[in-house]
Every structure is written in C-alpha cells, then in structure tokens.
Amino acid sequence: MNNDMPHTLHFNNVQAEVFSFASDEVNSTTADNSVKEYHVMIHVTDSLLTFQQQFEAIDNAYQQLLGEHLIGAVAVLKRYFLSDAANQADDIIAYDSSDCAKSIIQQAPLDGTKVALWVYLLTNVAARLTESGLYEVAHGQYRHLWNASAHNLAANSEYQTRLLFNEYIMQLTQEGCTLKDNCIRTWFFVNDIDLNYGGVVRARNQVFFTQGLTNSTHFIASTGIGGRQQDPNVLSQMDNYAVAGLQQEQIHYLYAPTHLNRTSDYGVSFERGTYVDYADRRQVFISGTASIDFKGMIVHPKDVVRQTKRMWENVEALLHEAECSYDDVGVMIVYLRDSSDYALVSQLYHERFPHKPVIIVHAPVCRPGWLVEMECMAVKSIVNKDYAPF
C-alpha cells in the first residue's frame, strides 16, 4: 500500500480524513493507467454553523481537495449523513451535481454537526450513467456498477424491499449481469428498524431463493441498519455495488467461524464479508458487524465498551481471513443505537485508530441488544497473474 499524503487535512471549518491506495505492482509500463483509490471522510468542525453553512464548508473543502490533493480522481460514490433529512436532503439534491452514485440518508453525525460526507474516488477510470440507471465506472475489462438512494412507496417494508430488488435485478440484466454472479455489496437503510426490519429480511430471503442465492451457494455482503429517507413513507432504501467482467474464482466469502455464526442460523441472508481479487489488489468488504459470538448470541449485553471491543475482534477475524489487517482498512462507518454512548465510543476509536477515515452516526442496529455496529472497506496489494488489473 502506498499512502502518500497526510492522513488528516484541515480546511475552513472542516476536517478531512484521507486514505489513499496505489498498488505496489505499478511499474513503468502500467503507471499511467493504474487505478489509485481514495476514501475521504469530511467532517464539520463548527457545530454552531447553520446547515447551509456546514454544507457549503464541506463542499468547498471537497473542491479544494480535488484541485490540490486528489488530482485526476473522480467520485464513484458519495454518502451524505444528515441530521434531519426532511429539511436537508432537497438542498443536497439541488446543489450537488456530481456525476456519481449519491447516497443521502438521515444518520446524524454524533459529533453534534448536521452533515458529514464520505466519498470514494478512483483515478484513470471512465464514469457514466448507463441507460439502466446504474453508474458505470470502467477500467480495462471491468465495469463497476454503483447505485444509491433507491426507494419506492409500496405499502410496507417487505413490498418496498421486494420492488427494490426486482428493479435492481432488471437493471443488472440490462448490463449483462445477475444478482448472484455480479453483486458484491448492498446497504439497506430501514426507517424504524425495530418495526420494519422483519419485512426487509422476508423480502430479501424470498428474492435470494428465487435467484439461486442459498446457504449452500452464497449470499451478498450487506449492512441492514436504521436510517431515514426524507420521505417518512420510505421504509427501505437501498445502495448497491456490482462488478461486470469478473470470473467467479475472483470472489471469496468470509466467515470467521471461531468468532461468528452463519447469518442463516437466525433466519437472515447476507455474508459476513466478501473479498475480490484482481491482478494488482484485493478489495475487502466487511458487512455490518456487531458484538456476536459463533453461536449467534449477543456478547456483553448493555455494555457498549465491551461490545465495541468484541466487535473490533470480530472484524479483525474477518480481515485476517482475507489476509488483511486494520492497516489495510480505508474507511470505517460506526453505528450507535444510543447517542449518549458517543463520547465513550469516540474516545475508543480515537485511541486505536487516530487517523483512519471514520464516522460515528446515530443508527439503531437490527437487533435491539446490539448497541454498536461497524462496517469497513479494505484494500491491499497482491500479485495474481490469472486476473486483469483493477
């Protein structure tokens, strides 16, 4: 890994945490066409500013980053974390004209600010919106297909999720892909998750069965977490990521059976993690992970500090199975059920990961006893001449 810029950059009323990756295998014949990856987490540092002022500060910092530090990089995915989507989302939609997948969700930043931004960027790629509605990011033989903020207004969370999958499957079909063979990662943001998550699970289980995704084949890495769209009638919002051009041997699934059980043991259907190998790098996608043991039981009920440490241990076991460590992690998103736990959990993260791009937001986990959950993405250099470069 080559991280060649400061981890933390400061701008007017904004702090940006930056992770960069360039493959160790870049040489004189591939350097001009190699892909560099960035994760940027942008936080407002003055919580007394209005929402408009905070958003403008973030956007100004982002533009400055593009012009001075992330030369040649293009945004692939943006996720805005909002404190009040009903009153803020329209401003984001109106003023952010970036040509990329944009995820907008009410998951309040717990540092007391109104908006934060995660951006995933790549260099040397061609990006466009396809006729299917998916954002294509092309390089070499691969087409990375991103989608964000998908939603509908069906009668309940089960029907909404089923329609989301039906539409996504049709979009993938237009791109010559399938849910089973090409989808790498999904995110579900569930309004009032304690009430509506069951419907999301039922719909996903049914769709996966019809698409040939079973416990004996594989599922898809995913996060199902509390989050509200600007319209309160939206009960299930989905982001997703697929790759066209992969061989099936490039995709691997993570289990860490010494620490975690299979999700199907308690009636849900997602993988704990997935990694994809390319000629020059391994990309790892860790699903939303909480304080759980290999029997599926909550570990350390009602103790957020010990739950955080067990969660870290579980994520570390998944990373280890992919021959990675926390050093390879580019971004972390942390979800807290109880906003009053922020000071404790923030201190723990600051002590262990002082410069890692991370955000802690208010978002209840799918089981009430879980006080904290995290997800992450990692990347490391490998050499595999059987595959094409990323």
Side-chain angles (χ1 to χ4, degrees), residues 107 157 161 185-190 192-206 208-209 213-227 253-275 284-322 324-326 329 332-342 344-345 348-349 352 360-376:
Q107 290 179 330
S157 62
T161 303
R185 184 71 163 89
T186 64
W187 292 262
F188 283 96
F189 304 104
V190 186
D192 194 348
I193 193 167
D194 293 338
L195 179 64
N196 292 312
Y197 186 63
V200 174
V201 168
R202 287 191 296 274
R204 180 170 58 187
N205 289 349
Q206 293 162 2
F208 279 9
F209 181 77
L213 290 151
T214 70
N215 195 41
S216 60
T217 59
H218 67 85
F219 297 123
I220 297 168
S222 186
T223 298
I225 199 72
Y253 303 98
L254 301 171
Y255 303 102
T258 58
H259 287 70
L260 300 156
N261 68 330
R262 295 292 299 272
T263 63
S264 55
D265 291 350
Y266 49 91
V268 295
S269 49
F270 67 91
E271 295 294 358
R272 299 294 187 186
T274 300
Y275 72 86
V284 186
F285 302 85
I286 302 298
S287 301
T289 302
S291 180
I292 190 173
D293 65 16
F294 67 95
K295 295 182 179 179
M297 303 299 292
I298 297 172
V299 183
H300 308 307
K302 301 183 180 181
D303 187 332
V304 74
V305 173
R306 296 175 73 191
Q307 282 201 20
T308 299
K309 293 178 179 179
R310 173 62 191 225
M311 175 185 71
W312 286 345
E313 183 182 332
N314 288 346
V315 170
E316 192 167 34
L318 290 165
L319 290 169
H320 179 74
E321 194 171 303
C324 291
S325 72
Y326 277 115
V329 169
M332 300 175 178
I333 302 175
V334 184
Y335 306 100
L336 288 183
R337 168 171 284 269
D338 185 348
S339 58
S340 68
D341 287 329
Y342 172 72
L344 268 176
V345 174
L348 291 170
Y349 269 86
R352 184 165 183 184
I360 304 175
V361 297
H362 182 223
V365 187
C366 62
R367 201 187 298 186
W370 280 326
L371 306 178
V372 58
E373 179 173 297
M374 70 170 284
E375 63 175 76
C376 63

Using 30° and 60° as the class limits, which term best fits the ring planes of F208 and F219: parallel, tilted or perpendicular?
parallel
Close side-chain approach of [X] to [Y], heavy-atom, < 4.5 Å:
{"X": "Y197", "Y": "V268", "result": "yes"}
{"X": "T263", "Y": "R272", "result": "yes"}
{"X": "I292", "Y": "L260", "result": "yes"}
{"X": "F209", "Y": "N205", "result": "no"}
{"X": "R337", "Y": "D194", "result": "yes"}
{"X": "Y326", "Y": "W312", "result": "yes"}
{"X": "I225", "Y": "F189", "result": "yes"}
{"X": "M332", "Y": "C376", "result": "yes"}

In Å and rounded to the nearest 0.5 Å, what is the [atom1] to [atom2] distance from [X] to [Y]?
{"X": "Y275", "Y": "I286", "atom1": "OH", "atom2": "CD1", "value": "11.0 Å"}
{"X": "H259", "Y": "H320", "atom1": "NE2", "atom2": "NE2", "value": "10.0 Å"}
{"X": "L318", "Y": "S287", "atom1": "CG", "atom2": "OG", "value": "8.0 Å"}
{"X": "D293", "Y": "N314", "atom1": "CG", "atom2": "CG", "value": "8.5 Å"}
{"X": "I333", "Y": "E375", "atom1": "CD1", "atom2": "CD", "value": "4.0 Å"}
{"X": "T186", "Y": "F285", "atom1": "OG1", "atom2": "CZ", "value": "12.0 Å"}

Counting only heavy atoms not in F294, do more than 12 fall under 6.0 Å of its CZ?
no
Can you pull out every salt bridge (Lys or Arg N to Asp or Glu O under 4.0 Å) where at least one residue sits in residues 297-316? Sequence neighbours excluded, please.
E316-R352
How about T223 and R185: does a side-chain donor come under 3.5 Å of a side-chain acceptor?
yes
From the list H218, E321, E271, side chain to side chain donor-acceptor pair (under 3.5 Å) partner of Y253 resolves to H218
Counterpart residues, side chain to side chain donor-acceptor pair (under 3.5 Å), relative to T217 (two or more places apart):
T214
What heavy-atom pair brings [X] and [Y] nearest, and what distance separates the two atoms?
{"X": "M311", "Y": "T289", "value": "CG-O, 3.2 Å"}
{"X": "S264", "Y": "N215", "value": "OG-OD1, 2.9 Å"}
{"X": "Q107", "Y": "G226", "value": "NE2-O, 2.9 Å"}

Show me, pair by pair, the donor-acceptor contacts under 3.5 angstrom made by side chains of residues 365-374, not counting sequence neighbours?
| unit_1 | atom_1 | unit_2 | atom_2 | d |
| --- | --- | --- | --- | --- |
| R367 | NH1 | G296 | O | 3.2 |
| R367 | NH2 | G296 | O | 3.4 |
| W370 | NE1 | S291 | O | 3.1 |

